Amino acid sequence: MLSFPCGMTTGVALFILCHGIHSADAASAPSTLPAVRQWTAGSGTCVFGASSRIVVNSGDAEALSADAETFADDVCGLFGRAVTVTNAATMGPGDVFLKLGVADDTIGDEGYRLSITTGFEISANTPAGVFYGTRTMLQLLKQGTTISRGTIVDRPAGRWRGVMVDAGRKYYTVEWLQALIRDMAYVKMNLFHFHLSDGLSTTNNGGFRLQSIAHPEITSTQHYSRAEIQSLLTLAAKYHVTIVPEIDFPGHVNWLYTAHRNVLLGSRVLDNQYWALDLSKDSAYTLVRDILDEFIPLFPGPFWHLGADEYMFIDEFASFPQLASWARNRYGVSAHANDCYRHFINRANEIIKSHGKTTWAWNDVLLGIAGAKVGACTLATDIWIDHWAALDWIGWGGVSPSAERSLGYNMINCSWDIYYIITANDKTTGDPQWVYDNWALNVFAGGKVTAGDPHIKGGKFPIWGDVPAAETEAQVWRNTFMLSRAVAQECWGSHKTQAGYSGFKTLGNAIGRAPMPVVTVNNNVRTSFPRRGLQETVQLFDLRGALVATVSAEEFSRGGGPDALLRQIAGTRPMCASPCIYRLRGKGIDETALIVLIR
């Protein structure tokens with residue numbers, strides 16, 4: 001929700017000085033997160049000041065105008081003032097100049113060149129590269145408006161860099177997810193794995209978080225409407241983030257228990273009773289096709305995640321003889337019950353490919369292939385493998401990353417060593433210091449793969465919601481802050497410039513979160529506010545840090561907060577003809593939302 005002054009494309013006579021950690025002398029590399037790959041120091045400094053503009057090269061206006069406006073919005077969220085966006089062939093002093101075309105064929109599709117002289121020139125081969133250059137620029141501005149001259153040449157090592165959110169078990173508000181997308185892009189992450197369904201136990205069926213028209217009976221009370229999904233997709237596209245949706249089949253389908261119990265089997269995977277599809281029934285395949293055909297077209301990205309993890313232990317198949325019988329009828333007497341499972345994955349893969357997508361699945365799909373080689377059904381090799389564990393405890397010989405590589409599969413590193421798991425006893429994994437010191441894109445759970453192997457397509461860390469009520473949104477937001485930064489650094493793959501994790505943490509705190517959008521409040525218009533885990537009180541500060549108003553979180557969340565804030569300020573502050581700009585803070589809000597009060 002963006003409006004005056006950030007939406008303006010003309011100058012505003014309001015200049016807010018940026019206080020913070022200034023750049024070191026010109027001989028030192030810029031402090032960014034992830035670190036830049038290459039820095040050549042110049043002489044002197046360049047200032048981004050009140051007259052600085054964002055200038056798009058005239059010949060690239062059509063391709064880069066959207067990214068220029070996004071950068072302008074973020075600068076407004078950072079400083080509290082609008083910045084002019086214009087098209088021209090050259091830049092003026094202190095301007096940020098955006099252009100396509102760079103005399104460097106090593107930077108690829110997401111790399112960029114940032115040359116800091118009398119202004120700031122960002123050039124790249126693609127709009128995505130220019131966008132990542134603006135993220136570096138934004139981080140530099142966060143630390144100070146006077147920046148050392150020199151040249152940055154930067155590019156990522158991993159093509160896909162991101163976060164998975166388990167919304168199937170723990171529902172997250174749209175505002176929280178929007179903030180996450182902005183923050184991911186701020187540290188150059190480009191992959192949002194949206195885990196939209198999951199099960200918990202026989203007493204809690206988990207959730208299915210999409211609004212189904214074909215099967216409304218499966219939609220959870222807390223879900224995302226079509227309009228909300230579209231709002232996330234629009235924001236993700238604006239920030240060059242690809243959303244990879246996941247509806248988990250054929251296990252973890254407790255959400256089918258009430259309306260479709262007839263297609264389910266019980267299972268004890270991970271010692272919890274939960275529900276899995278009976279893959280000997282045609283009705284199960286019909287239901288899966290209905291669901292996939294309904295939802296795959298909603299998401300424009302190139303991938304669809306099938307899930308396919310934790311169907312059942314190998315010794316459980318004996319409890320369901322219909323699976324072995326079905327497999328033998330289909331694949332002959334040498335078939336194993338697990339061939340039902342592989343057959344399902346292949347059929348689902350064909351449905352997904354018919355929609356023009358590439359299938360992703362957890363590496364459980366390779367049990368009995370990379371391990372004991374049990375069964376007769378051959379699994380498709382065009383599925384991308386999300387490697388989370390070696391799975392050697394299941395009794396199939398395990399699934400090593402080297403075996404996945406030797407079988408020719410493309411791989412995403414989603415090692416459980418970097419998981420964040422919400423549990424009742426704070427027993428979480430994903431220590432950011434361990435990630436920073438030890439993890440890399442080629443360091444998988446169960447072994448390493450040669451660094452730079454082209455089959456390693458990227459990495460991500462999941463936020464799992466095993467005990468959803470154990471943490472609030474605000475707690476998850478805070479607790480994953482440095483973990484997300486450490487993973488972002490390792491996925492980008494540049495040389496670390498900090499002296500150990502303590503220096504990296506200091507840098508992370510200095511750069512902070514992404515700027516949040518401006519919210520406008522008018523006396524006659526009630527505006528919705530982001531409410532990410534508000535607790536106790538909401539406070540309003542001016543840009544110098546002085547407290548000017550306080551309301552209760554309850555009053556604010558009911559919608560009375562804007563009016564109450566206005567009443568308090570009216571009693572202590574002179575009415576102003578021009579907009580008055582403040583920052584909103586509340587216990588439970590880790591990022592400030594900029595507020596413009598228009599009288």
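The model shown is predicted, which means the values in this text are computed figures rather than measured ones.
- In the model, Asn413 has no side-chain atom that pairs as donor or acceptor with a side-chain atom of Ser415 under 3.5 Å.
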One pair to check against side chain to side chain contact (heavy atoms under 4.5 Å, CB included): Val487 and Trp439. What are the steps and the verdict? CA-CA 8 Å; Val487 172; Trp439 187 72; 4.2 Å; yes
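- At least one donor-acceptor pair closer than 3.5 Å links the side chain of Tyr186 to the backbone N or O of Ile511.
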List the atom pairs, donor and acceptor, that lie under 3.5 Å between side-chain atoms in residues 227-235 and the rest of the protein, sequence neighbours left out.
unit_1	atom_1	unit_2	atom_2	d
Glu228	OE1	Ser225	N	2.9
Gln230	NE2	Thr234	OG1	3.2
Ser231	OG	Glu228	O	2.6
Thr234	OG1	Gln230	O	2.9

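- Taking every heavy atom of both residues into account, Pro34 and Val187 meet most closely at CD-O, 3.4 Å.
- Here Asp74 does not pair with Arg182 in a salt bridge; the nearest charged N to carboxylate O distance is not below 4.0 Å.
- When every heavy atom of Met184 is checked against every heavy atom of Val163, the shortest pair comes out as CG-CG2, 4.0 Å.
- Under a 3.5 Å cut-off, the side chain of Thr472 and the backbone N or O of Gln475 do form a donor-acceptor pair.
- With sequence neighbours left out, the side-chain hydrogen bond (donor to acceptor under 3.5 Å, both in side chains) criterion links Thr136 to Tyr112, Lys188.
- Evaluation of the side chain to side chain contact (heavy atoms under 4.5 Å, CB included) rule for Arg159 yields Glu110, Asn190 as partners, not counting sequence neighbours.
- When side chains are defined from C-beta on, Trp304 counts as touching Phe299, because their heavy atoms get closer than 4.5 Å.
- Checked against the 6.0 Å centroid threshold, Phe192 and Tyr239 do not count as a close aromatic pair.
- The backbone N or O of Ala167 lies less than 3.5 Å from a partner atom in the side chain of Arg209, making a donor-acceptor pair.
- For Phe444, the ring pair (Phe, Tyr, Trp, His ring centres under 6.0 Å) test picks out His387, with sequence neighbours left out.
- Under 3.5 Å, the side chains of Asp364 and Trp388 contain a donor-acceptor pair of N or O atoms.
- Listed by chain and residue number, Gln433, Tyr501 satisfy the side chain to side chain contact (heavy atoms under 4.5 Å, CB included) test with Asp437 (two or more places apart in sequence, or in another chain).
- Here the closest heavy-atom approach between residue Leu306 and residue Glu246 is recorded as C-CG, 4.4 Å.
- In this structure, Lys170 does not pair ionically with Asp466, as no charged nitrogen and carboxylate oxygen lie closer than 4.0 Å.
- Judged by distance alone, the side chain of Gln489 and the main-chain N or O of Ser494 form a donor-acceptor pair under 3.5 Å.
- Judged purely by atom type and a 3.5 angstrom limit, Trp416 has no side-chain atom pairing as donor or acceptor with the backbone of Ala445.
- Stacking of Arg161 on the aromatic ring of Tyr132 is recorded, both the 6.0 Å distance cut-off and the 45° axial limit being met.
- Remark: side-chain polar atoms of Thr219 are paired, donor with acceptor, to backbone N or O of Ser212 under 3.5 angstrom.
- A cation-pi contact links Arg513 to Trp477, judged by a cut-off of 6.0 Å to the six-membered ring centre and 45° from its axis.
- Side chain of Gln211 to backbone of Arg226: a donor-acceptor contact under 3.5 angstrom is found.
- Salt-bridge check for Lys496 with Glu490: passed, with a basic side-chain N closer than 4.0 Å to an acidic carboxylate O.
- Taking the ring pair (Phe, Tyr, Trp, His ring centres under 6.0 Å) definition, one finds that Phe303 meets it with Trp160, Trp360, Trp384, sequence neighbours left out.
- Residues Phe194 and Tyr224 bring their aromatic ring centres within 6.0 Å.
- Checked against the 6.0 Å centroid criterion, the rings of His305 and His195 do not qualify as a close aromatic pair.
- In this structure, Thr497 contributes its side chain and Ala35 its backbone to no donor-acceptor pair below 3.5 Å.
- Ion pairing of Asp73 with Lys238 is present here, as a side-chain N (NZ or NE/NH1/NH2) and a carboxylate O approach within less than 4.0 Å.
- Counting only heavy atoms from C-beta outward, the side chains of Val443 and Asn438 never approach each other to under 4.5 Å.
- For the pair Arg485 (side chain) and Gly512 (backbone), a donor-acceptor distance under 3.5 Å is present.
- A donor-acceptor pair is defined here as one N or O able to donate and one able to accept, closer than 3.5 Å; such a pair exists between the side chain of Asp154 and the backbone of Arg37.
- A heavy-atom distance below 4.5 Å is found between the side chains of Leu256 and Ile218.
- The shortest non-hydrogen separation linking Gly158 to Leu441 is CA-CD1, 3.6 Å.
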Trace of the side-chain hydrogen bond (donor to acceptor under 3.5 Å, both in side chains) decision for Tyr172 with Gln222: CA-CA 9 Å; Tyr172 292 86; Gln222 287 186 307; over 6 Å; no
